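Note that this is a predicted model, so its numbers are computed, not measured. So you know, we letter chains A, B, ... as the sequences are listed, proteins then strands, and number each from 1.
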Protein chains: 2
Amino acid sequence: MHNRCMIDPRLITLRVFARCGTVGATAELTGYSPSAVSAQLRELQRVLGLQLLTKDGRGVRLTATGRFLVAGSDALIAEWESLRAAAMEAGDQVQSRFGLGGFSTAAAQLLAPLAATLRSTRPLLEVQVLEANPARCFDLLVAERIDLAVIVAMQSDTYAEDDQRFEQTVLLDDPLDVIIPADHPLASRETVTLEELASEPWITEAAGSTYHALFTAAFTAVGVTPRIAHEAVEWETQIAFVGAGLGVGLLPRLAPLHTAENVVRLRITGKGKPTRRIVAAVRRGSIASPLIQESLGILQIRANRILSSRPEDDL
Amino acid sequence: MHNRCMIDPRLITLRVFARCGTVGATAELTGYSPSAVSAQLRELQRVLGLQLLTKDGRGVRLTATGRFLVAGSDALIAEWESLRAAAMEAGDQVQSRFGLGGFSTAAAQLLAPLAATLRSTRPLLEVQVLEANPARCFDLLVAERIDLAVIVAMQSDTYAEDDQRFEQTVLLDDPLDVIIPADHPLASRETVTLEELASEPWITEAAGSTYHALFTAAFTAVGVTPRIAHEAVEWETQIAFVGAGLGVGLLPRLAPLHTAENVVRLRITGKGKPTRRIVAAVRRGSIASPLIQESLGILQIRANRILSSRPEDDL
DNA sequence: ATAACCATGCACAATAGATGCATGATTGAT
DNA sequence: ATCAATCATGCATCTATTGTGCATGGTTAT
């Protein structure tokens, strides 16, 4: 589906460049080589007769004209997506490719079933799933490598909800639980508040990561500055750290705890009740596409099933 | 300028096909070979996963989906033209190609000076002029072979003024004069009415031509059905026919009479005062482009100069 | 000063895309 | 009813575009 765009691929490349700022990163995202990206951007300028890039130190940056073109192209892309969606609605579309992107747990719990369902209902459809963090998912959407992304929306989101390029649909609010060692004084409790855990040594992800932002946001809400004792990238690692008694951590409800030993999961109560919002994002205009609509439906059903399997008080 | 479009050239080809209905004609208009057009359309369908064409007799015709896509693409094209125009306004554009199209006298009197002026003010600009009749000019605009056309607007215009694809600017209303043999009883008059010439044998262009429509429109306005004695394609031929005493004819004020012998030109008065309206047409959205703006300005100046060189009563 | 980084140019390779002719299918004319 | 004309398409071929990999030159950080 995303392959072979009706808009000049060089413009797409320019748009990706506008997002990541370097030729190398653009190459990585688009799947081209750096030389190809360089050549494409040069060609684009030649064809339009406009200077879009300027040398800037050891890199290049967009000129005012370049920024203008990129900004204006949002509407153009959306217009095309919208047209394609409507055309696909009119005459049913036979075959194409469909790229999905998502983040770890989301990918596992939502994207995998979606891909499986699509594969069976639409055998001719070439479904591809890419695991990527939210920021990269947006990049991949712009680069047209994927057509739908399931991502974790954050309060301090660099990609505003009303971004001209995307349309987002809330799938599910996933609460964060606390995981503590089984021999911890609070381990026998059903629920805790963040204040009760303020003095604990915390295990979190590296600063700048998706969940670190959620972590700090949760604690600033209750006015506490927790002590970060350790950092882990994978949930498994974090759980293991907690199991080893190194500290406590936050774990999304969706993340399974099955391999954990000596670790207890507790619901959080009180005003600082952190949740991560899981949303589906598509390129603006493409939301009317029957393929997207079907996918969103499947995702929504899956999300509702997850919600309904939980105790009421968690909703 | 028109070369190398940002919108997939195959979509442009489809749009041209939608206008002319056959692969062969599309090939002629776009400058491709028939095989290339065929292959492009096939590719387009493959890429979109949509069936856009159906076999119809010995030709092909658009499916409902195809018509839908073409209709919807108007907005997309306009959006791009608009964006390009704005970008060119923002950062001045260095070099490109610029295609002009126009019809005989219009081309000679308006387009040639325009091309000459542009050539001197913008040496880097590659200006190309194509002589073509109005209908073909619109086709060439859609095919992106030309960017601006000077054409004769007609009452019974197949291309409505509010066509989604184009934007038109009135340049000049060019009145039609009567040419009669020098030895004709009315030859000494300054002006005549159409009624006075109702019984004359008329020389006009072939039915279906640009000027035949103007001709009939003028006479239906005064409620007279003239007798068409002869048909001529070129003005020169028509003038020669009149000079040979075969009949009378209509000649636009802009068309020169310099080579004529035994032919007199008379102003037409009365309610049936036929004029041809000369307008500039561009693809919708592109009108904001500095190049287009400059061109329209030059054309307007030229048109005003022509008007001001005429007696007041002709305006 | 050296190393790392970034973009670009060039030679080469792969691929897409156009051409021209031949073919098959359909319509209209003799 | 046959023949010619028209139209689209497939195929072999060629060309031009486009991408890759490596080398180069300029720029920043250590």
Ring pair (Phe, Tyr, Trp, His ring centres under 6.0 Å) partners of F215(B), counting only residues at least two apart: W202(B), F219(B)
Protein-nucleotide distance (L44(B), atom CG; dT9(D), atom P), rounded to Å: 13 Å
S289(A) side chain to R84(A) side chain, donor-acceptor N/O pair below 3.5 angstrom: no
Rounded distance (Å) that lies between atom C1' of dA16(C) and atom CD of E43(B): 9 Å
For atom CZ of R42(B) and atom C1' of dA16(C), their distance in whole Å: 13 Å
Spacing between D56(A) atom CG and dG26(D) atom P, to the nearest angstrom: 17 Å
Sequence-distant partners of E79(A), salt bridge (Lys or Arg N to Asp or Glu O under 4.0 Å), two or more places apart: none
CA sep, side-chain torsions, deciding dist, call: Q51(B), T63(B), side-chain hydrogen bond (donor to acceptor under 3.5 Å, both in side chains): CA-CA 7 Å; Q51(B) 188 175 354; T63(B) 63; over 6 Å; no
Nucleotide dA7(C), atom C1' - distance to CZ of R61(A) in whole Å: 15 Å
N-O pairing of E167(A) and R283(A) below 4.0 Å: no
Those residues of residues 27-40 of chain A lying under 4.0 Å from DNA chain C by at least one heavy atom: P34(A), S35(A), S38(A)
NZ/NE/NH1/NH2 to OD/OE distance under 4.0 Å, R284(A) and D163(A): no
Residue whose closest nucleotide on DNA chain D lies nearer the 5' end, K55(A) versus F17(B): F17(B)
Phosphate contact (dT9(D) OP1 or OP2) by R58(B) side-chain N/O below 4.0 Å: no
